[in-house]
Novice: 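Pasting a structure here, questions to come.
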Amino acid sequence: MELDDSRLDDLVAGSTTEAGFDIDRHFYFRELLRLQTELVKLQDWVVKNRLKVVVLFEGRDSAGKGGAIKRITQRLNPRVCRVAALPAPNDRERTQWYFQRYVSHLPAGGEMVLFDRSWYNRAGVERVMGFCNDEEYEEFFRTVPEFERMLVRSGIVLVKYWFSITDDEQHRRFLARIHDPLKQWKLSPMDLESRRRWEAYTKAKEVMLERTHIPEAPWWIVEAVDKKKARLNCIRHLLAQIPYAEVEHPAITLPAREHNPDYLRNPVPESMFVPSAY
């Protein structure tokens, strides 16, 4: 991930002042490590108190949601903190209650789930690309506030983030992906079409925020033009949303290895070894 950050710096070279990439790299990594240490403490607290945490990450294509999620989960136990990134619904799922396939990914006690895009697909991509009709769109807005209130009443901690970038910054990031062989896979035909429909997405986002910003589950806007600052700010804010304390763990003692004089290790055939190319 550090190499990836370095490559990002190289790709935006020449436009750093305009884009606002001015955070010191040494400070960034020191602070990221400090915040990740706090995330580990939060994870222990979630497990000990059987908390149920759901975090939604929404935003335009290339807004930096995935990068923020990777930094959050980088040092956490995947059995405790997992990512839900659902593909497009199949034919069967299209006939289900809209929220049904998301419900199956909700956490049990002692778990955290990070949604890389969520049920708000209906208010965004489905609305702009015409994958839902007007009736389904309005029904979503009638249902989602009560759906989220139900989640909160059930004991789930629900946090919603919108990663915000400018028109110019999305343009730069799309060009960087086009010229970066390691990231071209991120550019789908849907992504390219979303670039063309920037204004339609803006209108859909404004309607979504206005109609779903409720006291029980408010939206939080992450200014994400500078990816590094966005990651640090998001993690710091997330830690502040869940009161936690450090969990004391018993001292760990490594047991002595048993030695059996009758045990002989069988040789491994040379043909089974991976060739040592390095």
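This structure is a prediction, so every number in the text was calculated from the model and none was measured. All heavy atoms count here, side chains included; hydrogens, waters and symmetry mates do not.
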Novice: Is Arg153 salt-bridged to Glu146, going by a charged N under 4.0 Å from an acidic O?
Specialist: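 Salt bridge: yes.
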Novice: Are Lys160 and Glu148 packed together at the side-chain level, in the sense that at least one heavy-atom pair is separated by less than 4.5 angstrom?
Specialist: yes
Novice: Determine yes or no for a side-chain-to-main-chain donor-acceptor pair under 3.5 angstrom, with Glu210 supplying the side chain and Val207 the backbone.
Specialist: no
Novice: Measure from the side-chain N and O atoms of Asn49 to the backbone N and O of Leu51, and report whether any donor-acceptor pair falls under 3.5 Å.
Specialist: no
Novice: Heavy atoms only: give me the nearest Phe174-Asp61 pair and the separation to one decimal.
Specialist: CE1-O, 3.7 Å
Novice: Quick one: does Arg82's side chain have a donor or acceptor within less than 3.5 Å of a partner on His105's backbone?
Specialist: yes
Novice: Look up atom CD in Glu58 and atom CZ in Phe115, then write down how far apart they are to the nearest 0.5 Å.
Specialist: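 One gets 10.5 Å once the value is rounded to the nearest 0.5 Å.
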Novice: Under a 4.0 Å N-O cut-off, is there an ion pair linking Glu31 with Lys229?
Specialist: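 Judged by the 4.0 Å cut-off on N to carboxylate O distance, Glu31 and Lys229 do not form a salt bridge.
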Novice: Quick one: do the Gln170 and Arg195 side chains pair a donor with an acceptor below 3.5 Å?
Specialist: yes
Novice: If you measure from the Lys or Arg side-chain nitrogens to the Asp or Glu carboxylate oxygens, is any gap between Arg196 and Asp191 under 4.0 Å?
Specialist: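 Asp191 and Arg196: not salt-bridged.
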Novice: Which pair of non-hydrogen atoms, one from Pro107 and one from Val113, has the smallest distance, and what is that distance?
Specialist: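 Minimum heavy-atom separation between Pro107 and Val113: CB-CG2, 3.8 Å.
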Novice: Looking at Arg94 and Asp91, is there a salt bridge between them, counting it only when a charged N and a carboxylate O are closer than 4.0 Å?
Specialist: yes
Novice: Is it true that Glu169 and Arg172 make a salt bridge, defined as a side-chain N closer than 4.0 Å to a carboxylate O?
Specialist: yes
Novice: Ignoring hydrogens and geometry, is there a side-chain-to-backbone donor-acceptor pair from Gln184 to Ile178 under 3.5 Å?
Specialist: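 At least one qualifying donor-acceptor pair exists.
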Novice: Is there a side-chain hydrogen bond (donor to acceptor under 3.5 Å, both in side chains) between Thr37 and Arg75 once you walk through the steps?
Specialist: CA-CA 8 Å; Thr37 302; Arg75 302 181 189 278; over 6 Å; no
Novice: Drop me the distance from Ile165's CD1 to Arg173's CZ, to the nearest 0.5 angstrom.
Specialist: 5.0 Å
Novice: Check the orientation of Tyr161 and Phe57. Use parallel for under 30°, tilted for 30 to 60°, and perpendicular for over 60°.
Specialist: tilted
Novice: Which label fits Tyr102 and Tyr98: parallel for a plane angle under 30°, tilted from 30 to 60°, or perpendicular past 60°?
Specialist: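 Correct class here is tilted.
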Novice: Is there a side-chain contact between Pro78 and Thr73, using heavy atoms and a 4.5 Å cut-off?
Specialist: no
